[in-house]
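Chain identifiers are assigned alphabetically (A, B, ...) following the order of the sequence lines, protein sequences preceding nucleic acid strands; residue numbering begins at 1 within each chain.
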Amino acid sequence: MTSPNPRQRELIESTDGCYLVDAGPGTGKTFTITRRYAEIVEQDDVEPDDILLNTFTRNAATEMRDRIVAHSEYGARELRDAPIGTFHSLCNDILREHGFDAPSHLGLDEAITRSTSVLEDETIEGKYFREFVGKFTDDHPEHHDLLRAISDPDDILDVIKNLAANGVFPTMEGWYRDAEEQLYGDADAFEAVFEELNRPRNGGSKQSELRESLTDYDSDACYLPDAPSRAEIRGESGSKAIPGHVRTRVFEEDREGLLAFVHDVYVEYLAFALSRNYLNFSFLQLFAFVHLCENEALRDRLTFEYVMIDEFQDTSEIQFKLALLLAGTENVCVVGDWKQSIYSFQYADVENITQFQDRLHRFVEDLNSDRSRIDASFDEVNEIELDRNYRSTQAIVNRSEDALVVPGTGSEEVDAEAVLEDVVSLEAETDADHSHIEAIQHENEHEAVLTKIGEIVGNEEYAVRDDRDGGGSDGLRPPRYGDIAILTRTRDFGRELLATAEEHGFPMAYEGGVELFRTDPAKLLLAWLRILEGGTDEDRGWAVVLERAGYTLDEMKHVLSTGSYPSGMVAFRDELDGLETVSAVAHRVFDRYGYDGPTAEVLSTTIQSVYDATTMTRGDLIRFIEREVESGATHEVTAAAGSNAVRVQTIHAAKGLEYPIVILANMNANKFPSTGGSDGRIVYDERFGLRQRTCYGEAHDQPHVYDNWYWDVLKCCRPTEYDEERRLLYVAMTRAEDHLVFTAGEEPNTFLEELPVAVETYEPAVERPAVGETVQTRFDVGIPEPAGPRGYSPHSLMNDEVFEAVDEGRGAEYGSRVHNFAERYALGEDVEPRSDEEDEHHVAELLDSFEGELRVEEDAYMPLEVDGEQVTIRGVVDLVHVAEDAVEIVDYKTVLGRHAEDEYRTQLSVYWHVLNEVYPDRAVTASLFYTAEGELVEMEPLSKDVIGSLME
DNA sequence: GATTAGAAATTTTTT
DNA sequence: ATTTCTAATC
């Protein structure tokens with residue numbers, strides 16, 4: 001794009017006033033915003049410091065900055081400190097500069113200083129939070145009943161963060177501004193949604209959606225005695241809507257105790273975090289907002305003449321309000337696309353953009369309610385729609401709009417007309433009509449995908465447009481591997497696919513988690529840390545460093561035994577020793593070895609955050625790295641792009657990117673859209689406020705936890721919606737420039753079936769491609785972590801090969817069905833073999849043939865000494881047959897799993913040792929029962945020594 | 001069409 | 001823990 005189209009020009013040149021810009025995918029949004037920024041900054045009386053430009057991610061901010069530098073009279077140096085960044089970085093800057101007494105507005109004594117760090121690692125925050133909850137529990141016996149009903153402290157942290165994102169803050173004495181009101185909910189909004197859901201359907205002949213959802217009320221629930229019965233809730237049989245009094249009754253639930261609890265835990269955690277000198281991302285925004293709200297002088301100083309926000313559909317309520325507090329004029333411009341709002345789990349609120357005017361005026365009024373904070377009245381909001389798509393062909397544009405109205409389940413009814421009314425239809429810039437939009441399906445989806453890629457690459461049929469940015473005509477050329485991206489909903493599918501690709505020698509790169517501390521930069525860093533620390537591990541450090549420097553084994557032995565280290569290395573050690581922080585050490589080490597890629601960068605920040613967050617010594621850090629190496633923890637590293645490889649990404653990660661050919665994989669039933677899942681124990685919703693899903697009462701003179709009937713009604717008032725899932729589908733489809741392929745395995749999901757695209761059965765026939773120079777990313781499949789700090793499950797003893805063999809061979813569903821049956825049969829439950837399932841008959845026959853007692857054992861623990869350390873191996877015993885003088889363990893396997901006997905033997909051996917201890921005077925045997933053949937095979941158990949050796 | 005019971009599934013990611 | 005889909009019965 002070299003010059004803006006008329007709509008873009010309008011946005012670029014309309015620098016003053018309030019603008020809401022609907023910029024769909026591929027409409028040249030970044031181009032237009034950067035030009036607008038340049039236009040504004042070129043005015044005589046405007047400096048970069050007067051313009052706030054906010055985006056969602058650091059990457060996006062960096063890209064904006066680069067493109068502005070390229071198109072304005074300002075250079076990189078002058079724009080270095082310009083306020084172009086994320087909301088979080090902005091809040092961080094504000095608090096760092098001026099935030100010292102920000103907590104005082106909430107009545108908190110602790111201050112925010114330059115040494116207050118931002119905790120990026122959620123696992124570390126989780127650790128702190130659990131410590132805090134322990135302390136809180138001790139301090140507050142009056143909240144014990146409530147705490148009893150919460151098993152996972154993370155639930156509490158979740159609700160705190162949710163409240164913070166919605167602008168609900170506590171003070172020492174009570175709640176900040178009108179927060180308490182919000183916590184009780186919005187009666188009008190609740191009434192609206194309730195009445196809508198309670199309207200009888202089919203012109204009054206069919207019961208309302210709400211009444212239907214409440215069919216399950218009271219099933220499997222244990223309420224306090226005063227809870228209304230199902231009949232009271234649902235009205236008499238045959239009625240079409242639930243009685244009106246139910247609405248007011250659930251809305252007016254007594255929540256004083258809950259509010260008191262949430263208040264105390266919230267405000268005390270704020271104090272705790274400050275006393276430990278850290279803030280999380282939510283609190284960063286919380287304090288920045290409060291400070292700007294209360295400190296008039298500061299607000300005057302900080303407000304900007306121009307405010308621009310990109311990706312506005314991804315902002316939260318608190319971010320919208322922050323932007324208003326920072327706007328000194330009406331010159332506010334928000335750019336976004338409601339159709340691409342896919343971050344609600346990050347508290348993004350799509351209504352910020354769909355209800356922009358309403359919210360704008362409501363928030364301004366709210367912020368001005370007790371004193372005047374915002375001068376601008378925003379009487380006029382100009383809306384600009386960008387409707388030219390420079391990315392995709394018209395065919396892809398049209399299909400993607402279908403995605404916004406496809407039902408997510410067979411029974412979901414989407415009001416297509418209402419949705420499409422809000423869609424600005426895009427017109428493709430190109431008139432090329434070469435697009436393939438197709439869907440393939442085969443049981444073996446991985447190989448089908450690879451076969452399809454093989455068919456596409458180099459194929460004129462799937463030609464892609466070339467040289468578009470050069471301003472020339474759309475020449476077509478055959479596609480390469482690097483033109484293709486595979487997008488999936490889940491990371492797991494991407495990883496599995498990559499494993500298959502590796503087997504077949506396909507050039508494919510996965511952009512996701514990497515076992516960070518097992519990489520070379522990490523090993524060298526650990527080595528130098530060990531050298532610095534001295535002691536017994538110093539030699540291990542030197543060995544790595546010397547090996548890296550090219551010393552032979554004999555030379556290394558000599559150097560280590562005499563201590564005559566090379567003088568350059570000694571000098572480097574002394575230099576490192578003089579550095580104050582561990583992260584400075586890391587930087588110097590990476591520098592020395594020329595590691596400047598993404599891996600080194602992520603390592604630095606990870607170490608920095610761990611070191612900052614805790615009061616770790618260098619020795620602690622060494623042990624931290626050792627633990628990370630051992631557990632194989634993964635961290636995000638974005639691989640270098642540019643090689644000719646197919647990219648695999650999640651849809652979320654692909655947002656903002658574009659690819660000539662997009663393969664949208666794993667469109668399988670129950671995968672996308674996904675169902676199920678659960679919320680925390682305490683839930684906040686704007687409409688019905690703060691609620692707890694359980695309640696408490698006395699039984700047998702003891703406090704007990706009960707199901708909360710209020711919640712059981714309320715949860716039906718927020719039925720599952722697939723709106724965001726549709727938007728996710730939309731985002732995925734609109735990444736494609738030229739071609740779009742959907743793939744499914746077993747059973748295509750509703751989305752795929754309802755889209756106007758024919759699904760064809762596709763026979764995979766993977767051919768190993770003749771790949772020239774390509775870079776292939778390796779991905780190691782991690783073995784599941786053992787439960788407990790020092791426990792090992794037999795599963796964790798498996799090596800990769802065995803694990804894969806088991807995973808493929810077992811046929812999870814098949815095996816677990818037989819297993820399930822065996823257990824229930826042994827327990828004497830009333831189960832009959834299914835008439836068509838031979839396996840179950842075999843199992844029943846076997847079990848009937850046993851004399852004596854059949855038992856299902858839950859857990860077995862075997863203590864073991866490994867490398868002088870005491871460890872406990874934990875496993876689940878399946879079925880134990882105890883006779884007078886013999887004990888037998890039986891494990892059920894289909895014949896499919898035969899080749900994975902190694903793994904079975906490890907498991908059974910663990911059980912065998914355990915049972916030998918429990919029944920010292922009976923003969924213990926371990927057997928596998930191959931159900932498909934009706935064959936019982938006795939296993940030779942492994943010795944404890946062998947099992948121990950497997951654990952290294 | 002209402003009701004009931006049972007089976008089979010069940011995350012995404014950024015600051 | 002929650003959801004969808006199915007089948008059977010009223």
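Separation of the P atoms belonging to B:dT11 and C:dT4 is 15 Å when rounded to the nearest angstrom.
In this structure, A:Phe345 and A:Ser208 both approach DNA chain B, and ranking their closest nucleotides by distance from the 5' end singles out A:Ser208. Nearest-nucleotide positions on DNA chain B place A:Glu725 closer to the 5' end than the other of A:Ser89 and A:Glu725. Nearest-nucleotide assignment on DNA chain C puts the 5′-proximal partner with A:Lys715, out of A:Lys715 and A:Gly408.
Ranking C:dA1, B:dT13, B:dT15 by closeness to the A:His652 side chain, first place goes to B:dT13. Set against B:dT14, B:dT3, B:dT12, the side chain of A:Arg234 has B:dT3 as its closest nucleotide. Ranking B:dT13, B:dT3, B:dT4 by closeness to the A:Arg211 side chain, first place goes to B:dT3. Closest to the side chain of A:Arg681, from the set B:dT13, B:dT10, C:dA1, is C:dA1. With distances taken from any side-chain atom of A:Tyr722 to the nucleotides C:dT3, C:dT2, B:dT14, the minimum falls on C:dT3. Side-chain atoms of A:Thr215 lie closest to B:dT4 of the nucleotides B:dT12, B:dT4, B:dT15. Nearest nucleotide to the side chain of A:Thr490, out of B:dT3, B:dT12, B:dT4: B:dT12. When distances run from any side-chain atom of A:Arg230 to the nucleotides B:dT15, B:dT4, B:dT11, the shortest one goes to B:dT4. Checking C:dT4, B:dT14, B:dT15 against the side-chain heavy atoms of A:Thr409 singles out C:dT4 as nearest.
Remark: aromatic rings of A:Phe56 and A:Tyr343 are close, center separation under 6.0 Å. The ring of A:Phe751 has its center no closer than 6.0 angstrom to the ring center of A:Tyr722.
If you check every strand for non-hydrogen atoms under 4.0 Å, A:Tyr347 touches nothing. Residue contacts for A:Lys655: at a heavy-atom cut-off of 4.0 Å it reaches no nucleic acid atom on any strand shown. Here A:Arg727 lies out of heavy-atom contact (under 4.0 Å) with every strand. A:Glu724 comes within contact range of no nucleotide atom at all, as no heavy-atom separation falls under 4.0 Å. Residue A:Ser411 is classed as a sugar-phosphate contact, given heavy-atom separations below 4.0 Å to backbone atoms only. Among the heavy atoms of the strands lying under 4.0 Å from A:Phe56 are primed sugar atoms or P, OP1, OP2 only; no base atom is included.
Separating the CZ atom of A:Arg58 from the C1' atom of B:dT13 is a distance of 13 Å, rounded to the nearest angstrom. The nearest whole Å value for the distance from the CG atom in A:Asn749 to the C1' atom in B:dT10 is 14 Å. Separating the CG atom of A:Asp158 from the C1' atom of B:dT13 is a distance of 14 Å, rounded to the nearest angstrom. Put simply, CD1 on A:Ile651 is 14 Å from P on B:dT14, counting in whole angstrom units. Rounded to a whole Å, the CD atom of A:Glu212 is 18 Å from the P atom of C:dT2. Look at CD on A:Gln346: it is 5 Å from C1' on B:dT14, rounded to the nearest Å. The CZ-C1' distance, from A:Phe751 to B:dT12, rounds to 14 Å in whole Å. Atom CZ of A:Phe312 and atom P of B:dT14 are 21 Å apart (whole Å).
Listed by chain and residue number, A:Glu725 satisfy the salt bridge (Lys or Arg N to Asp or Glu O under 4.0 Å) test with A:Arg489 (two or more places apart in sequence, or in another chain). With sequence neighbours excluded, the residues satisfying side chain to side chain donor-acceptor pair (under 3.5 Å) with A:Asn277 are A:Ser115, A:Thr116.
At the phosphate of B:dT3, OP1 or OP2 sits under 4.0 Å from a side-chain N or O atom of A:Gln207. Checking the phosphate oxygens (OP1, OP2) of B:dT4, no side-chain nitrogen or oxygen of A:Tyr217 falls inside 4.0 Å. Close to B:dG1, at under 4.0 Å from its OP1 or OP2, lies no side-chain N or O of A:Lys240. When the side-chain nitrogen and oxygen atoms of A:Lys671 are compared with OP1 and OP2 of B:dA9, none of them lie within a distance under 4.0 Å.
In this structure, A:Phe283 and A:Tyr266 have parallel ring planes: the angle between them is below the 30° cut-off, well short of the 60° mark. Relative ring orientation between A:Phe345 and A:His652 is described as perpendicular, the plane-to-plane angle rising above 60° on a 0-90° scale split at 30° and 60°.
Using a 4.0 Å cut-off between a side-chain N of Lys or Arg and a carboxylate O of Asp or Glu, A:Lys161 and A:Asp158 do not qualify as a salt bridge.
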